[in-house]
Amino acid sequence: MTISSPPAATGPAEAAAKADEPRDPAHRFRFPSAFTVLIAVTVAVWALTFVIPAGRYDTKDGSPVPGTYHHVEVSTGFWDRLKDLFLSPVNGLYGVTDAQTGLTAPGADGAFAGAAGVFLFILAVGAFITVTVRTGALTAGVARLAHRLQRHRTLLLVVLVTVFSLGGTTYGMAEETLGFYGLMVPLMLKLGYDRMVAAAVIMVGAGVGTLASTVNPFATGVASAGAGIGTGDGILLRLAMWACVTAIAAAHVVRYARGVVADPSRSLTPATEEDRRLAAEDERAETLSGRRRLVLALFAGTFLFMIFAVVPWADLHIAFLPTLGWYFPELAALFLVAAIVVGLVGGLGEKGTAGAVTEGAGDFVGAAMTVMLARGVTVIMNNAAVTDTVLDGLHHAVSGTPSGVFGALMFLVNIPLAFLVPSSSGHAALAMPILAPLADFAGVGRALAVTGYQSASGWVNLITPTSAVVMGGLALAKVGYGQYLRFVAPLMGVLFAVVGGFLILGAAIG
């Protein structure tokens with residue numbers, strides 16, 4: 001996927017693995033994967049249900065009523081709890097909550113509690129993205145844009161950061177970025193910049209977009225489902241935050257790039273012989289055919305229609321636009337149909353389209369399974385009637401705080417969770433069922449809790465060394481992790497302050 005990795009045959013996955021490969025395996029700690037963390041959390045939470053007192057709130061319209069928490073007796077014994085542990089992944093996928101007992105189990109009668117809708121939605125988005133990438137339209141589009149703007153270096157940097165940020169805010173662009181390093185590294189070197197600029201345009205651009213996700217299905221979508229609200233709720237605040245943090249990120253990249261041009265000794269990644277050779281090569285932009293232009297139009301149109309379908313226009317007092325109220329079933333169908341249309345229009349043919357859809361769904365099944373595992377933890381807590389006990393404890397901890405402080409607390413509380421569970425979808429499914437009701441107690445909208453979670457997740461994932469996107473991208477750009485931290489540290493501080501300000505503002509407005 002790239003020409004800038006050390007050997008020509010090395011792909012992103014192999015490069016990421018080598019970047020993370022310890023020099024001394026006996027003395028280097030390797031942080032466990034999101035799966036391992038979630039399994040450990042599942043077992044730990046199950047054990048704690050024997051210690052935490054059982055209790056429940058009275059509810060109204062699905063929300064807990066403040067001041068109504070009371071202790072309850074549960075009828076489930078040790079073997080029932082052990083069965084819940086064993087079935088937690090299954091319950092997390094398609095468990096049903098019995099209306100009489102309040103217990104969730106496969107095959108029960110009552111309200112559906114599993115994450116099957118989210119699971120299928122993630123697979124559908126994965127299929128759509130993979131099909132689009134397979135047509136070559138995305139790479140060709142970015143290459144063409146870069147070629148046309150290469151004489152306007154500052155404008156080019158701003159536009160590229162914005163383009164990658166758009167990918168982050170709309171569909172959580174992450175692994176897809178690994179295919180662009182082979183394009184960006186030679187281009188930036190040719191323009192007089194260094195490898196750090198190439199890495200930053202991609203990684204920081206997509207990263208800040210994900211931090212300020214507007215309709216990102218893997219962050220905003222999953223978190224909104226866990227909070228029991230629509231994906232479009234809170235979108236105006238997130239749009240304003242996205243515009244602000246994208247502008248800040250672009251300014252940071254431009255400032256560093258100009259410094260490198262003015263004084264090459266200020267570069268964090270000094271030029272090598274290979275860099276000088278790549279800078280001298282004559283590169284031509286990849287052809288952007290009419291077919292690829294149509295694919296790009298369909299790709300953008302699908303996400304624009306998704307935004308239109310999930311935004312509650314009536315709540316925004318926009319009467320001339322109908323509120324469709326689409327949710328995961330309709331959106332999953334949208335992306336599956338769009339994947340087929342894009343594949344056929346993009347020239348993949350029947351077999352190529354079917355293969356790309358299958359491969360894309362397979363590539364994203366890991367993200368879907370983290371949601372399933374995280375939802376299983378929620379089921380264990382609910383069956384043991386300890387969820388409301390934890391919620392009551394958190395309520396007492398934050399009670400009396402102003403709504404603006406509560407908004408900032410949502411950001412701070414989610415930062416350590418983001419380190420433990422680097423999967424944004426897994427983090428959302430794990431945290432939102434507990435944290436979102438706190439917004440009811442604080443008198444703010446649940447959308448603010450969603451914004452606080454995804455901002456924390458995106459902020460941490462800009463630097464986390466457990467991410468193949470970060471470590472793999474740096475390996476492909478040949479930028480050291482320490483060098484990248486020196487570059488991004490000032491930006492992290494500014495983003496921390498800006499996000500906190502937006503959350504305080506959102507709480508005040510709400």
Side-chain angles (χ1 to χ4, degrees), residues 121-122 124-133 135 137-142 144-145 159-174 176-177 205-206 208-225 229-243 245-246 288 290-346 360 364 447 450-451 454:
F121 174 61
I122 291 174
V125 174
F128 175 69
I129 292 173
T130 300
V131 169
T132 306
V133 170
T135 66
L138 281 178
T139 304
V142 173
R144 186 68 174 175
L145 180 66
V159 170
L160 288 176
V161 169
T162 304
V163 167
F164 284 107
S165 183
L166 278 170
T169 193
T170 53
Y171 70 92
M173 190 178 197
E176 302 81 18
T177 61
V208 297
T210 304
L211 180 154
S213 293
T214 49
V215 290
N216 173 6
F218 307 105
T220 313
V222 176
S224 297
I229 61 175
T231 304
D233 292 346
I235 194 170
L236 294 181
L237 177 68
R238 296 195 294 267
L239 276 171
M241 184 189 295
W242 172 79
V245 298
T246 300
L288 189 60
R291 170 176 283 180
R292 286 177 169 174
R293 293 175 189 270
L294 182 56
V295 167
L296 289 176
L298 289 170
F299 182 78
T302 300
F303 280 100
L304 288 174
F305 185 79
M306 180 185 76
I307 296 171
F308 168 75
V310 301
V311 171
W313 300 106
D315 294 345
L316 300 176
H317 306 292
I318 301 177
F320 65 91
L321 291 175
T323 298
L324 298 183
W326 278 24
Y327 207 48
F328 288 110
E330 295 88 353
L331 295 177
L334 169 67
F335 281 105
L336 283 174
V337 172
I340 295 171
V341 173
V342 165
L344 296 178
V345 170
F364 280 72
V450 171
T451 304
Q454 66 182 33

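Because only heavy atoms are used, hydrogens play no part in the values below, and waters and symmetry mates are left out as well, while side chains stay in. Everything numeric in this text was worked out from a predicted model, so none of it was measured.
Remark: the backbone N or O of Val345 is paired with a side-chain donor or acceptor of Arg291 at under 3.5 angstrom. Of the possible polar contacts, one joining the Thr130 side chain to the Gly126 backbone as a donor-acceptor pair under 3.5 Å is found. Remark: side-chain polar atoms of Thr177 are paired, donor with acceptor, to backbone N or O of Ala174 under 3.5 angstrom. Side-chain atoms of Thr214 do not come within 3.5 Å of backbone N or O of Arg238 as any donor-acceptor pair.
Scanning all heavy atoms of the two residues, the minimum distance from Trp242 to Ala212 falls at CA-CB, 3.4 Å. Closest non-hydrogen pair, Thr210 versus Ser213, comes out as O-OG, 2.6 Å. Of all heavy-atom pairs between Ala309 and Leu324, the closest is O-CB, 3.8 Å. Minimum interatomic distance between Ala332 and Ala124 (heavy atoms only, all atoms of both residues): O-CB, 3.5 Å.
With a 4.5 Å cut-off on side-chain heavy atoms, Thr220 and Gln454 count as touching. Between Leu296 and Leu288 the shortest side-chain heavy-atom distance falls below 4.5 Å. Side-chain atoms of Ile129 and Val133, non-hydrogen and from C-beta on, do get closer than 4.5 Å to each other.
Listed by chain and residue number, Phe364 satisfy the ring pair (Phe, Tyr, Trp, His ring centres under 6.0 Å) test with Phe218 (two or more places apart in sequence, or in another chain). Judged as a ring pair (Phe, Tyr, Trp, His ring centres under 6.0 Å), and not counting sequence neighbours, the contacts of Phe299 are Phe128, Tyr171, Phe303. Residues passing the side-chain contact (heavy atoms from CB on, under 4.5 Å) test with Phe328 are Val118, Phe121, Ala225, sequence neighbours excluded.
Within the model, atoms CG of Leu298 and OG1 of Thr132 stand 8.5 Å from one another, a figure rounded to the nearest 0.5 Å. Atom CG of residue Leu211 and atom OG1 of residue Thr246 lie 9.0 Å apart, to the nearest 0.5 angstrom. Summarising the geometry, atom CE belonging to Met306 is positioned 8.5 Å from atom CG belonging to Leu334; distances are rounded to the nearest 0.5 Å. To the nearest 0.5 Å, the span separating CG on Leu239 from CD1 on Ile235 amounts to 5.0 Å. Between the OG1 atom of Thr135 and the CG atom of Leu344 there is a distance of 12.0 Å, given to the nearest 0.5 Å. The structure places OG1 of Thr170 at 7.0 Å from CD1 of Ile307, a figure rounded to the nearest 0.5 Å.
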Pair Val208-Thr169, side-chain contact (heavy atoms from CB on, under 4.5 Å): steps then yes or no: CA-CA 8 Å; Val208 297; Thr169 193; over 6 Å; no
